[in-house]
Number of protein chains: 4
Amino acid sequence: MQLGLVGLGKMGFNMRERLRKGGHEVIGYDPRPEVTDVPDLAGLAAALTAPRVVWVMVPSGDITTGTITGLAEVLSPGDMVVDGGNSRYTEDGPHAALLAEKGIGFVDAGVSGGIWGLTEGYGLMVGGSDADVEKVMPIFDTLRPPGPREDGFVHAGPVGAGHFAKMVHNGVEYAMMTAYGEGYELLAASDLVKSPQAVYQAWSNGTVVRSWLQQLLAKALKEDPKLAEIRGYTDDSGEGRWTVEEAIRLRVPVPAIAASLFARFLSRQDDSPTMKAVAALRNQFGGHAVQRIHESG
Amino acid sequence: MQLGLVGLGKMGFNMRERLRKGGHEVIGYDPRPEVTDVPDLAGLAAALTAPRVVWVMVPSGDITTGTITGLAEVLSPGDMVVDGGNSRYTEDGPHAALLAEKGIGFVDAGVSGGIWGLTEGYGLMVGGSDADVEKVMPIFDTLRPPGPREDGFVHAGPVGAGHFAKMVHNGVEYAMMTAYGEGYELLAASDLVKSPQAVYQAWSNGTVVRSWLQQLLAKALKEDPKLAEIRGYTDDSGEGRWTVEEAIRLRVPVPAIAASLFARFLSRQDDSPTMKAVAALRNQFGGHAVQRIHESG
Amino acid sequence: MQLGLVGLGKMGFNMRERLRKGGHEVIGYDPRPEVTDVPDLAGLAAALTAPRVVWVMVPSGDITTGTITGLAEVLSPGDMVVDGGNSRYTEDGPHAALLAEKGIGFVDAGVSGGIWGLTEGYGLMVGGSDADVEKVMPIFDTLRPPGPREDGFVHAGPVGAGHFAKMVHNGVEYAMMTAYGEGYELLAASDLVKSPQAVYQAWSNGTVVRSWLQQLLAKALKEDPKLAEIRGYTDDSGEGRWTVEEAIRLRVPVPAIAASLFARFLSRQDDSPTMKAVAALRNQFGGHAVQRIHESG
Amino acid sequence: MQLGLVGLGKMGFNMRERLRKGGHEVIGYDPRPEVTDVPDLAGLAAALTAPRVVWVMVPSGDITTGTITGLAEVLSPGDMVVDGGNSRYTEDGPHAALLAEKGIGFVDAGVSGGIWGLTEGYGLMVGGSDADVEKVMPIFDTLRPPGPREDGFVHAGPVGAGHFAKMVHNGVEYAMMTAYGEGYELLAASDLVKSPQAVYQAWSNGTVVRSWLQQLLAKALKEDPKLAEIRGYTDDSGEGRWTVEEAIRLRVPVPAIAASLFARFLSRQDDSPTMKAVAALRNQFGGHAVQRIHESG
């Protein structure tokens, strides 16, 4: 089918390629002239045959809202917008309402898979009405991995449910990465284990902990067995923070996910103010020596 | 090759079957007459041709130590013992020393895979000298999953390294299960998500969090979508506790694994003494009502 | 000085008493006829001499906002409103703006001390302009404990800073209570320690962990040495949740406070969905027995 | 009464002073000639009148065991040894048994208070038989703070109970310090709060979180308001590690104490291997940029 695609960054660019290989006609718009197919959103609307479907794949927050607001002006009743970016699920309702005023439908789609999605397919978590989701199904079926639809795609619920499921996916991802990280650190700290890489490699088949992430860590360790070239500094995307905020709203205890989020915050600090206070306290009550900044450089 | 196998419980029984299918001659000993091939350890030694290899697959702790001590008495110099049970890695050195006095070799083998190992193969993590490990390799190659050896087997290091790697495997397993559990609870707590099961199912392909455990949880949720029939009560095996103890010894921070261990402890308490104390404190300083035992039944 | 006081519940009632003992003229309003001094907010405004100061001590959220909105209608330019309730600090700005439109000043005051404040004085954390805070100082000086002002009162910053400091106070309080709770549970679990109560009592002088909460727990344990009559069920006030949300916003790792918040969530669950999922997983891969609901009643 | 005191370091030296001021005759032994009163343990025994009481105040582990073994050789039946150091409680039984063979009594005494104990008195947690504890009571009564005995001293149970209670004390101390540290970090991260020091100072009276540690942190912040001169690097004593190990043995969930212990481990790492692995994983699946060591210096 025909699809408009706004945003041809790392994700959008690959998705256009996968969709075209799948036989779809994709007209892409991006502010960068070297990658765009049309000059602007109005040009995109003009190039598409109604009823149009436009997939938005731009950074979440103001840029997504701005894009959807812009589309509301150039699209027509009966058209559809899909937000495939990493929007917070709470933004989906307002976006849907804004488009509904013009008679335009809305579906939110959480997309997982990163740079591997181009060849392996993307895991999709989708929210919206049955009718709206159905209209986009040919696109979803090409983007998702081959095999049974339910193994790589879910219509999770009404508008917002797709991004909610994707947010939880990322929260789980945080905790899994921490789990593998802790395992690596323990193996690396032991005198007994010759090669943490070989252990991670050996977990690929037959074990309880086998997974895609386990295999990726084995691969990363093969390239750099002591991760000597990589700093522990780690950004966090909105989804991890939103997951814990949502857990608080829903009164769900999430110690493993929260520990993983806090470890990321900590990885970006030069020194921990909390531990400065602890060191100061030990000095106060016990006369324990503290490491003074000017001493250690 | 020929193998003696001590312990024909849930794991040992299946392993005997997999090994026999793989063309090995397995003579099993178990105190239960209905499953054993020989009457006792002496009978096992007599039935095997030297140099013998005997695999021990019995509960860790005193029973494993007792079995190895018994084998030291009936085996001969040049024979080999493999401890495939869940022994703490710190016990491997003493066991190896005990056998070495009689000229008997020792290899420790961490075995993962549970009830699925019979058909899919077992993930193996092995410790010992190169020569000793080599002697058991035909057995390892049959027990492990098909495919490249390094994807399901690792000779992790000297005696103890196999059980150390298996211990870490289980620590990681704890944290991964908690991660998926927290994800499930968030999905189940949301009004938006129609079916947590469908979301877990859809994570099977293309997503970052795909794994064997993810698929098992999707399967469990298919059988009981609200886990209504299952209590949260969860035992912990020694490996989880040992992992955190080892982390403390090695000064490795393991917040996700420790949180998972503590969640299991908590799941077995009728009420939390810690939270009783917190409730008592709130009552003391704030006059906050407490739930009294006799009120709530 | 003269003060209007809206809200004569557990906190407000005691504060009126402490202020009157301190020589202030307090005119209280409460919807309950048996405790109120005036029939309504208009009556309160009429009973006070301009420039008026009105202290609001009602539940946070809609009730506080409604009260402040009502006061904006009956008060005059030059008057002052103090919000002494547990409002989220983010609400202070809008409340101040609403009042500023009428020329009415605003100060937010976090109040700690619970039922003990009547006799011991309340710890006060205050936000607002220097001029506004100065107008209320005679009231603050009577409410706070005797001794140096800076040991029981802080003008923490502009509007919002008082409730922010109080929010952090409560987050710290959560983690301290968990710390003492964990200590209690360890002492109670040991065969060696005859009386956890006696240990907590003995921490009152000379130790590093001595505190008011420590003494309160010793007192609670004296009344009920095994806390046999108290359930671990524990509510959480908004401040604990807000503290973790704020930590996420500020990218501050707060593992101890978050663990304490999650422990409260957990204390209110009949069974943990997370641990149900973990139990289900163990059953799937290991054939580990699960406790089924129908078996255990 | 007369007391032998082995170990005149930071703690022992001060204790000798406090005891002498309290009217006791203290004969101290220390390998450093400049502080010792006698040349060796035999000289200490010779200088004391039987039945002797000797207080051991030396580093825990081998040095304490060596000292007690040495005392067993020079003391006589009916004498007493008190271990006032930070021994692990599990060592008390063997030490008591070793001394009992010679008819020598044993009491373990956990001592809290650090450098402040000289003037304020030490919090004491004691284990041993009623008769043995009674013999040392005049010493305990001088060391502990003035006031009711039960507010600064506890005979917690049989041999080992004193050090067990002290171990738990330190575990609680860890979590309290983390709680105050997190509170400090939140206040310091906020734009609203002018002075975290002033807030901590104001918590001294009337608040729920008031404590000795709170006042010490206020004091430390007065000296260095941004803790600019102090690194977060923080050692951990054995007691914190032992508390978590003991919690595991007793199956007691201690999330707040464990988080505090792990934060200390982390504070001593140049970079976190766990977070290196997480960064490596993000790079593998998402193409997220990592900070390479050679880039950032």
Side-chain angles (χ1 to χ4, degrees), chain A residues 88 167-168 171-172 174-176 178-179 206-211 233-278 281-288, chain C residues 88 167-168 171-172 174-176 178-179 206-211 233-278 281-288:
Chain A
R88 189 164 188 167
M167 176 193 75
V168 172
V172 171
Y174 272 45
M176 286 178 70
T178 303
T207 68
V208 174
V209 301
R210 65 190 188 259
S211 77
Y233 185 103
T234 309
D235 278 317
D236 72 282
S237 61
E239 287 96 340
R241 282 175 270 125
W242 302 337
T243 302
V244 180
E245 288 173 352
E246 196 61 24
I248 292 171
R249 189 181 72 81
L250 295 169
R251 315 294 196 258
V252 169
V254 288
I257 294 174
S260 305
L261 179 67
F262 294 151
R264 294 193 176 196
F265 290 169
L266 208 56
S267 81
R268 306 199 297 263
Q269 295 183 334
D270 283 332
D271 200 354
S272 158
T274 293
M275 294 314 289
K276 279 169 170 272
V278 170
L281 277 171
R282 293 181 81 236
N283 178 253
Q284 286 287 335
F285 70 72
H288 298 286
Chain C
R88 189 165 188 167
M167 175 194 76
V168 172
V172 171
Y174 271 45
M176 287 179 70
T178 304
T207 68
V208 175
V209 301
R210 64 189 188 261
S211 76
Y233 184 103
T234 308
D235 278 316
D236 72 281
S237 62
E239 288 96 340
R241 281 176 269 124
W242 302 336
T243 302
V244 180
E245 288 173 352
E246 197 60 24
I248 291 172
R249 187 180 74 81
L250 295 169
R251 315 296 196 255
V252 169
V254 288
I257 295 174
S260 305
L261 180 66
F262 295 152
R264 293 193 178 197
F265 291 168
L266 208 55
S267 81
R268 305 199 297 263
Q269 294 183 333
D270 283 333
D271 200 354
S272 159
T274 293
M275 295 314 291
K276 280 171 169 269
V278 170
L281 276 170
R282 296 181 81 235
N283 177 251
Q284 285 288 333
F285 70 72
H288 298 284

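Every value quoted in this text rests on a predicted model; they were computed, and no experiment measured them. Chain identifiers are assigned alphabetically (A, B, ...) following the order of the sequence lines, protein sequences preceding nucleic acid strands; residue numbering begins at 1 within each chain.
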Most chain C-contacting option - heavy-atom pairs closer than 4.5 Å, from A:Ser272, A:Ala247, A:Gly240, A:Pro253: A:Pro253
Nearest heavy-atom contact between C:Phe262 and A:Ala258 is CE1-CB, 3.6 Å
Measuring from atom CH2 of A:Trp242 to atom CD1 of C:Ile248, what distance do you get when rounded to the nearest 0.5 angstrom? 12.5 Å
So which residue, A:Val252, A:Leu261, A:Thr274, A:Val244, ends up with the most heavy-atom pairs under 4.5 Å with chain C? A:Val252
Out of A:Arg268, A:Arg251, A:Arg249, return the one with the most heavy atom pairs under 4.5 angstrom to chain C. A:Arg251
